[in-house]
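Predicted, not measured: the structure shown is a model, and the values here were computed from it. Scope of the values below: all heavy atoms of this structure, side chains included, with no hydrogens, waters or symmetry mates.
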Amino acid sequence: MKKALFAMLALLFITSPLTAADGVINVPSDYGVEETANRLEEVLKNKGMTIFNRVKHSESAAAVGIELRKTELIIFGNPKVGSPLMKCQQTVAIDLPQKALVWEDEAAKVWVSYNDPRYLEKRHNITGCEETLMKVEKALAGITKSAATK
């Protein structure tokens, strides 16, 4: 029984995105930074999201003589989802539109990171928006999984 429970917990840990204590969800990618970011942008557009900007932090750093591992930020959103959250708690607007960071760690592993909607719920004391929060959680998990896995 203990072995089965341990195996189930290990499987859950291995297949789940990593959530950092600070409210950031980190999803491993099977692709390089640029390809992951391209795929993410394509998935977002196909889902009807607006891409507000794509910031290539590593390129900007190189322009001022600072070496930075590949790092890109995609800023995106959809007022059909963000506006109801702001209606529940207007201060969440400081964290919207959504952002996804595509980055390479020191071991050359690529990740897609984004704010955990439950972190935003706590940070802004959002109440009365459970359905919207669940929709955002599901959408972000699906979008990042589609962009990051083969």
Heavy-atom closest contact (Pro28 atom, Ala148 atom, distance): O-CB, 3.5 Å
Disulfide (SG to SG under 2.5 Å) contacts touching residues 47-88 (sequence neighbours left out): Cys88-Cys129
Contacts of Lys80 that satisfy salt bridge (charged side-chain N to carboxylate O under 4.0 Å, His left out) - sequence neighbours left out: none
Separation of Ser29 OG from Arg39 CZ (nearest 0.5 Å): 7.5 Å
Residues in side-chain contact (heavy atoms from CB on, under 4.5 Å) contact with Asn53, at least two apart in sequence or another chain: Val55, Ile75
Spacing of Trp111 atom CH2 and Leu101 atom CG [to the nearest 0.5 Å]: 12.5 Å
OG1-CG distance between Thr132 and Leu85, expressed to the nearest 0.5 angstrom: 5.5 Å
Closest non-hydrogen atom pair between Ala100 and Leu40, with its separation: CB-CD2, 3.6 Å
Pairs where residues 36-84 contributes a residue and the test disulfide (SG to SG under 2.5 Å) is met, not counting sequence neighbours: none
Results of salt bridge (charged side-chain N to carboxylate O under 4.0 Å, His left out) for Arg69 - residues two or more places apart only: Glu106
Intermediate values then yes/no, side-chain contact (heavy atoms from CB on, under 4.5 Å), Val102 and Thr71: CA-CA 6 Å; Val102 182; Thr71 307; over 6 Å; no
NZ (Lys122) with more than 12 external heavy atoms under 6.0 Å: no
Remaining members of the apolar cluster that contains Tyr31, side-chain heavy atoms under 4.5 Å: none
Residue pairs, two or more places apart or on separate chains, that pass salt bridge (Lys or Arg N to Asp or Glu O under 4.0 Å) and touch residues 52-68: Glu41-Arg54, Arg54-Glu72
Value rounded to 0.5 Å, distance of NE2 in His124 from OH in Tyr119: 7.5 Å
Rounded distance [0.5 Å steps], NZ in Lys99 versus CG in Leu73: 7.5 Å
All side chain to side chain donor-acceptor pair (under 3.5 Å) counterparts of Thr144, not counting sequence neighbours: none
Residues that Glu121 engages under side-chain contact (heavy atoms from CB on, under 4.5 Å), provided they are two or more places apart: Arg118, Ile126, Glu130, Leu133
Minimal non-hydrogen separation, Gly82 against Leu96, with atom names: O-CD1, 3.8 Å
For Asp30, all residues meeting side-chain contact (heavy atoms from CB on, under 4.5 Å), sequence neighbours excluded: Thr149, Lys150
Nearest-0.5 Å distance, CD1 of residue Ile143 to CE of residue Met49: 4.0 Å
By side-chain contact (heavy atoms from CB on, under 4.5 Å) - contacts of Leu140 (at least two apart): Phe76, Gln98, Tyr114, Pro117, Val136
Counterpart residues, salt bridge (charged side-chain N to carboxylate O under 4.0 Å, His left out), relative to Arg123 (two or more places apart): Asp95
